[in-house]
Amino acid sequence: LMINNVSQEGYKRHFSILKGIELKSPIVKEQQKIADFLSAIDDKINKVERKLTKAQTFKKGLLQQMFV
C-alpha cells in the first residue's frame with residue numbers, strides 16, 4: 001500500500017524514509033483561508049461554551065431558589 005508515494009514499512013516510517021520525499025502543501029493563500037476557517041470555528045465554539053456556562057449558572061440559580 002502506498003500513501004503519498006510513501007510505502008508502509010511497519011515501524012520504519014521515520015525521517016530516513018521521509019527526508020527524500022517532497023510533500024505538497026497548499027499555497028500560502030489557501031493555507032490562510034484554512035487557518036481563518038478554523039479560527040472562525042474556534043470562535044463559534046467559544047461563544048457556545050460561554051452560552052452554556054451562562055445557562056448552567058442560571059439553572060443553578062433557579063434550583064437554589066426552588067429549595068430555599
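Please read all numbers here as calculations on a predicted model, not as lab measurements. Position 1 is the first residue of the sequence, and the numbers go up from there.
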Show me the pairs that pass side-chain hydrogen bond (donor to acceptor under 3.5 Å, both in side chains) and involve residues 21-41, at least two apart or across chains.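 Output for this query lists Gln32-Asp36.
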
Could you state the interatomic distance from CD1 (Ile45) to CZ (Arg50), rounded to the nearest 0.5 Å?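 If we round to the nearest 0.5 Å, Ile45:CD1 and Arg50:CZ are 12.0 Å apart.
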
Starting from Met66 and following side-chain heavy-atom contacts under 4.5 Å between hydrophobic residues (I, L, V, M, F, W, Y), which residues can be reached?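 Taking Ile, Leu, Val, Met, Phe, Trp and Tyr as members, Met66 shares its hydrophobic cluster with Leu63, Phe67.
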
Side-chain heavy atoms nearer than 4.5 Å, only ILVMFWY residues, links allowed to pass through others: does that put [X] and [Y] together?
{"X": "Val48", "Y": "Ile41", "value": "no"}
{"X": "Phe58", "Y": "Leu52", "value": "no"}
{"X": "Val28", "Y": "Phe37", "value": "no"}

What pairs meet the salt bridge (charged side-chain N to carboxylate O under 4.0 Å, His left out) rule with one or both residues in residues 51-68, with sequence neighbours excluded?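 Found none.
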
